[in-house]
Amino acid sequence: MNINTREISGKWQEYTLKNDHGMTVNVLNYGGIITKIIVPDRDGKMENIVLGYKDYADYETNPNFFGALIGPVAGRIQNASFELNGKMYALDTNDGKNQLHGGSTGFHQVIWGVEPFETDSTVGLKLSHKRVDGEGGYPGNLDVHVTYTLNNANQLKLDYNAESDQTTAVTLTNHSYFNLSGDLKNTVHNHHVTMDSGKFVELDEGLIPTGKWRGVTGTSFDFRNGHPLHDGFNDNSEQNKNAGNGYDHYFMFDEKQEQNVIVQHSDSGRNLTIQTDQLGMVMYTANTLEDGLELTEGLSEKHLGVCFETQASPASLHHEGFPSVILEEGSTYKRQTLFSFGVENK
């Protein structure tokens, strides 16, 4: 187990976490961005399985949120405003009239404090950030701590913690785009996903939740027994078309399975399992990813990655019956997501 650090353009640091089996995770202090995750395929070949920019300067704008820590509120906030305890809060807009992923002061564009650590069986980073009351329009002084921990079982654990001196809105996640083919050899069309979810949130044409849940039975949103992502890419249903021919929807977990999500790629043999204490997750299949961006292993294209954004739902700010993003004054926000990487033999 070890940690290496290097300077990026004299202003950022990139930390490389490496376990005893050669798995590595690269993280920037800027945005808490995961730039690479390198894991073996079934033949032991080590390759990168997340999307990242070839030129690190592109992370300064990062409109696709590659690999970033997202907050204070992950997802879209309708009309960039919400009411809390009888007071209206106006936020900045960066997605039409809505706010996406925290807006211009989002956590994906701040320099985090970083404290590396090593134990006998783990290596990791403790990231910290303080948001002052009123920044970005949000109430409360918010202390945020996120810990990335890599172990020798090829597991990457993300622990999220936050405390506020006022009641506020918080839900944090990571926005890595996974592609298990390795070094971006293929799109994620043939990634086979199994998900413990019987319902998802209906979206309007602007990708804003309507306030309604839909059952997955009989649709391409039914991943309970697993199917490839291309089933949704090729589905002409209203919900798939609203998302740009794919998925950008919040799924509620049934909590019937130990693993909330299982992702398999038969050609490489790689698999990814996700366990979380969040009640649900946005699955986004890079439907609006533009062509031609220079990434670490080639050029971008639609459906080149898939994000598993474990989080609560910002729809709860405007509708009843959704996992809440409200953090009460004096309470502690505490959530965990575990990504486990493995291989399957033919």
Side-chain angles (χ1 to χ4, degrees), residues 51 63-66 70 73-82 91 93-103 171 173 175 177-178 187-191 193-224 226-254 261 263 278-291 300-323 325:
L51 276 60
N64 298 291
F65 304 94
F66 287 149
I70 302 296
V73 175
R76 290 177 174 84
I77 296 181
Q78 182 178 347
N79 296 324
S81 64
F82 61 92
L91 314 173
T93 59
N94 65 333
D95 183 62
K97 63 181 180 179
N98 310 303
Q99 183 181 93
L100 175 62
H101 294 331
T171 187
T173 195
H175 207 283
Y177 291 67
F178 293 96
T187 62
V188 295
H189 279 68
N190 292 323
H191 280 46
V193 174
T194 305
M195 191 191 314
D196 180 28
S197 174
K199 63 181 181 178
F200 68 98
V201 175
E202 179 183 84
L203 300 178
D204 66 17
E205 292 180 356
L207 300 176
I208 296 297
T210 65
K212 297 179 181 178
W213 291 97
R214 287 198 179 191
V216 302
T217 302
T219 75
S220 63
F221 290 80
D222 191 349
F223 290 93
R224 289 173 295 184
H227 66 80
L229 290 174
H230 66 69
D231 287 353
F233 302 165
N234 300 323
D235 188 351
N236 288 320
S237 72
E238 174 196 36
Q239 284 300 295
N240 289 108
K241 288 194 292 185
N242 282 357
N245 300 110
Y247 304 94
D248 194 4
H249 296 73
Y250 189 89
F251 291 81
M252 180 78 92
F253 295 132
D254 292 340
V261 183
V263 189
Q278 291 280 14
L279 297 179
M281 173 193 80
V282 173
M283 183 171 72
Y284 171 57
T285 49
N287 317 310
T288 58
L289 180 58
E290 59 268 43
D291 292 343
S300 64
E301 61 179 299
K302 184 175 183 175
H303 297 147
L304 191 58
V306 53
C307 303
F308 302 102
E309 304 163 54
T310 56
Q311 60 178 87
S313 174
S316 63
L317 294 170
H318 296 275
H319 303 284
E320 298 291 332
F322 289 81
V325 300

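- Looking at residues two or more places apart in sequence or on another chain, you find a side chain to side chain donor-acceptor pair (under 3.5 Å) between Thr187 and His189.
- Of the possible polar contacts, none joining the Thr171 side chain to the Val325 backbone as a donor-acceptor pair under 3.5 Å is found.
- Side-chain contact of Thr210 with Glu202: a donor-acceptor pair under 3.5 Å is present, judged by distance alone.
- Between the side chain of Asp204 and the main chain of Leu207, a donor-acceptor pair closer than 3.5 Å is present.
- Taking His101 as the reference, Phe65, His175 meet the ring pair (Phe, Tyr, Trp, His ring centres under 6.0 Å) condition, with sequence neighbours excluded.
- Between the side chains of Arg214 and Thr219, not a single donor N or O lies within less than 3.5 Å of an accepting N or O.
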Exercise. How far apart are the C-alpha atoms of Ser220 and Asn240, what are their side-chain angles, what is the distance that settles it, and do they pass the side-chain hydrogen bond (donor to acceptor under 3.5 Å, both in side chains) test?
Worked result: CA-CA 9 Å; Ser220 63; Asn240 289 108; 3.0 Å; yes

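- A donor-acceptor pair under 3.5 Å is formed between the side chain of Asp235 and the backbone N or O of Ser237.
- Taking the six-membered ring where the residue is Trp, Phe251 and Tyr247 present tilted rings, their angle falling between 30° and 60°.
- Side chains of Asp196 and Arg224 form no contact here, defined as non-hydrogen atoms less than 4.5 Å apart.
- In this structure, Arg76 CZ and Tyr250 OH are separated by 15.5 Å, a value rounded to the nearest 0.5 Å.
- In summary, the side chains of Ser300 and Asp291 do not present any donor paired with an acceptor at a separation below 3.5 Å, with no hydrogens or angles considered.
- The line from CG of Asn287 to NE2 of His303 is 4.0 Å long, rounded to the nearest 0.5 Å.
- A ring-centre distance under 6.0 Å is not found for Phe82 and His318.
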